[in-house]
Every structure is written in structure tokens, then in C-alpha cells.
Number of protein chains: 2
Amino acid sequence: MPDTVATPSRRADSLTRDTIIDAAIVLLDTAGEGGLTFRALAARLATGAGAIYWHVADKDDLFTAASDAIVVRAMQDAPPDDTPQAGIRAVALAMFEAMDAHPWLGSALSRAPGQLPTVRILERLGRQVDALGVPQDRQWMAACALLNYLLGVSGQNAANAVIARERGLERAHFLDTLAGAWSRLDAQAFPFARKVAGQLRAHDDRADFLAGIDLIVHGLQALQGGR
Amino acid sequence: MPDTVATPSRRADSLTRDTIIDAAIVLLDTAGEGGLTFRALAARLATGAGAIYWHVADKDDLFTAASDAIVVRAMQDAPPDDTPQAGIRAVALAMFEAMDAHPWLGSALSRAPGQLPTVRILERLGRQVDALGVPQDRQWMAACALLNYLLGVSGQNAANAVIARERGLERAHFLDTLAGAWSRLDAQAFPFARKVAGQLRAHDDRADFLAGIDLIVHGLQALQGGR
DNA sequence: ACCTGAACACCGTTCAAGT
DNA sequence: ACCTGAACACCGTTCAAGT
């Protein structure tokens, strides 16, 4: 056999929206939020900066498209409902993991309220809220409370990760210095912060996150059927 | 009396950190997050762009200093504790109002986790959590849950306000178009989102926000004393 | 000690011009 | 229809030079 390439394996893939989004995700994951640049993206895709605008409206569009891709995967990972409580936990945990793996996701989601990525999450949460027996006229509030808590937590965790990365510290070391700063706060003005500084150092993000979810679910159960 | 100015009322106020921070807040309030620019700030302060760096480390420093000024005022507005429940509600509401008045605050706070502004809020929440009778080893989790929920909600509301502003729409009109988009989503994939689209249009941010706080507080009360 | 403002190394986005 | 890449109008930050 001559060594002519049998199947030409044409790299013919002219730029695609999906190709761009995937490259954007890689860039965000490896270089952080500031690493997503049209120039860097163009370089990685071996094309001109302007070409990207043919497939993507602008940077916001790109950013929320990247988020949506991650959220879709996360929602697939979340196993189908067992009990409503378990379903809510599963969705929350899937998002927690996703935000942990992609620290830019939190800020992307909060920058695009009401857009597809957050609606996907709300949809999943809402169905469980319904299954939980929360009265119709409270379901919006209930699902939003869960979503907002979820976004709040992961936003903070992600910010921690981002800052730790920027300063080139381990996450643990970063929390350590933070806890140190807290315990040096004024004793009169910040008794609580000083008291919990140790817990800041030692706490388990995931466990605390789920405990918060349980708190809200517990509150929701009290609404069951009632009115 | 001759019209020589009695007290020279010297404008002598050479640049001050506080002057800069106040100007930054005005800029953020009037021109949005993108309006805070060292050049714009310098123009407003009638100085050179570089001068600002003498009093402020960098843009992040300026941003969280501006946040802190707002948070301090908000915490002062929150009346001293009545019952713990009322205290938590008061802190939450004060922050809600602050974020409503300064839509950039949400993103500023989530960008500076563990820094002074958020610690101030956590401190206030934590004391109420303690007063509520939550066991010591759960107080960190409890206060964080409240804080994270609070930041999550206001982040979303603020993002709504920012986007509505950018597109030059009334907030209500923005929610209207959003609700329209939701009700046009695929019926198979988004039954819940379609169902609550109307509530998205009509809902009261503040009421829903407080309902969520109550949900968490309700969950916290179940922890009282126990363990 | 504090301020000036030009200079540096970037951005997102546009748009004529190419294929 | 899709891509190129120079050009435009910005940024944050630095730093010699001034007072």
C-alpha cells in the first residue's frame, strides 16, 4: 500500500458555532475569565479575529453560549428524580460540580439572568418543587429561592477559586490567609467573624452547600398542600 | 465689610481616598459598571489618571472600597435587632434596597469574597443566627446560607436592572419580553418555565426575596438547641 | 509627598477587501 | 457565504518628570 492517506481526514471543518464555543470553554478553563479574548480565540482556531463574529453576535453571546453548553451537560448528569428532595439535591449538586470545574460559570450565569442557561436550571428545580406539593401560587417563589441560593453559593466559591488562581495560591492557603485576616479583625465590631474564622478555614464547601439546600427544602415542605 | 472672602473656603482638598471613592460611586450609579474608568474618574476629579493610583491600589481596590462604603451605610440603616427573625429580615432588606439603588453592588460583592464588605453582612447575620439558638457548630453554615441566598438574589435582580438599562428598556418592559420568550419555549422541554412565565411578569422582587429569607429562617428554627 | 500626562500593552468590534 | 486582518476607539497601569 502506498502511503497516500487513505481517508483524506479533511480538516475541512470550516468554522462552526460549536467549534468556537468549545474553544471558548477550553480557553476559559485554562486561562480564566480574562483569558477569553477574540484574539486568543482566533489564534487557537487558526483564523482571524473578525471571522468569529460571523457565528457569534458578540462576547456576551459567546459567554452565555459557553455557559449553556456546560449547563446542558450538568443537567444530563443529574440523575432523574427519585424523590423530589433527592431530585433537588441532584440538580444542585450537579451545578455545584459544574461551577467547581468551571469557575467562570458563576459569573457568566449571573450576567445573563432569565436566559436559557438559568431557565434550564429553574425548569428542573420547578418540577421538583411541584412534585414536592408546593401550592401553585408559591412555586415561582420556591424555585427562584432555590436557584438564587444555588447561584449565590457557587458565585462565591467560584470567586474564591478565581482569586486564589490569580494570586497563584492553593485554595486552602488562600482560605488560610483569609481566616487569619478575620481573626485579626476588631473584637468589638466583629465577634462573630472572629468566632467562625476557624470554620472558614476548615469548612467543606460541598457539605455546607447541601446543608443550605436542605434548609430551604425543609422550609418548602412546610408549605405543602396548605394555603 | 470688604468683599474679601472671610474664610477663604479653600478648595484645597488635595485628592483623598474618600473623595475618590465617592466620585467612583457617583460614576457607577450614573453610568453603570462600565462607566467606572480611571480616565472618567480623573476628569470628574479634575486630575490626572495616574494620580488616583497614589490613593488606590488598582481598580479592584476601588471597586470593593466603593462597595464597602455602601454596605456600611446599609448596615447602619438596618434597625437594631428586635427578634432575631426580624433582625435577619432587616439586614436582608437593607441589602436588598442597597443593591436596588446601586445595581453594580451585587457583582462587586461577589467579586470580593471574604473581604470587608461581605464580612460586615455576615457579622450581622451571624449574630442573629446565634440569637436564634442555632447550635455553635452550625452557625457558620447557617450564616453563610443566608448570605449566599442574599447575594444570589440581589445579583440576579441587579443583572436584570443592568441589562434593562443597557437596552434602554423599563424594567417592567424587559421582564415582559422575557416572559414572552419563556412562554414560547418548547412545551415538552419547558413545561414549568412556561407555566410560571406569567408570574415572572407579575412578581414582586422584594416580597419573593423576603419569602425566601423566611424559608431559610424557618429551616434554621428547626435546628434550635438540638444536637 | 503628591500630582501630571504621555506611553505601553492590551481590549471588543467593525469593515473594506478578499475567496 | 464565509473569512482576513488592519483600523478605530477604547481600556488599566506605569513611570519619568514635575511641584
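So that the names make sense, note that chain A is the first sequence line, chain B the second, and so on, each numbered from 1.
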Taken in chain and number order and not counting sequence neighbours, the residues that satisfy salt bridge (Lys or Arg N to Asp or Glu O under 4.0 Å) with B:Asp60 are none
Salt bridge (Lys or Arg N to Asp or Glu O under 4.0 Å) involving B:Arg17 - partner list, sequence neighbours excluded:
B:Asp61
To the nearest angstrom, how far is [X] atom [atom1] from [N] atom [atom2]?
X       : N     : atom1 : atom2 : value
A:Leu15 : D:dC2 : CG    : C1'   : 9 Å
A:Trp54 : D:dG5 : CH2   : C1'   : 17 Å
A:Ile52 : D:dG5 : CD1   : C1'   : 12 Å

For residues 145-158 of chain B, tabulate all N or O donor-acceptor pairs below 3.5 Å that involve a side-chain atom, not counting sequence neighbours.
from, atom 1, to, atom 2, distance (Å)
B:Asn148, ND2, B:Cys144, O, 3.0
B:Tyr149, OH, B:Phe209, O, 3.1
B:Ser154, OG, B:Leu150, O, 2.3

Summarise protein proximity over nucleotides 11-18 of chain C in one line of letters, 5' to 3': B for base, S for sugar-phosphate only, - for none, counting protein heavy atoms closer than 4.0 Å.
BBBB----
If the condition is side chain to side chain contact (heavy atoms under 4.5 Å, CB included), which residues does B:Arg39 pass it with, not counting sequence neighbours?
B:Thr37
Check whether any side-chain N or O of A:His55 sits under 4.0 Å from OP1 or OP2 of D:dC3, and answer yes or no.
yes
Name every donor-acceptor pair, under 3.5 Å, that has one atom in a side chain of residues 179-190 of chain A and the other anywhere in the protein, sequence neighbours excluded.
from, atom 1, to, atom 2, distance (Å)
A:Trp182, NE1, B:Gly114, O, 3.1
A:Ser183, OG, A:Ala179, O, 3.2
A:Ser183, OG, A:Gly180, O, 2.9
A:Arg184, NH2, A:Gly180, O, 3.4
A:Asp186, OD2, A:Gln188, N, 3.2
A:Asp186, OD2, A:Ala189, N, 2.9

Hey, could you give me the CD1/CG distance between B:Ile213 and B:Asp208, rounded to the nearest 0.5 Å?
12.5 Å
A:His203: what forms a ring-ring contact (aromatic ring centres under 6.0 Å, His included) with it, not counting sequence neighbours?
B:Trp140
Side-chain donor-acceptor distances from residues 94-103 of chain B under 3.5 Å, at least two apart:
from, atom 1, to, atom 2, distance (Å)
B:Glu97, OE1, B:Arg206, NH1, 2.8
B:Glu97, OE2, B:Arg206, NH1, 2.3
B:His102, ND1, B:Asp29, OD1, 2.8
B:His102, ND1, B:Asp29, OD2, 3.0

For DNA chain C, what string of dots and brackets results from 5' to 3' when Watson-Crick and G-U pairs need both distances under 3.5 Å, crossing pairs get [ ], and pairs with another strand get |?
||.|||||...|||||.||
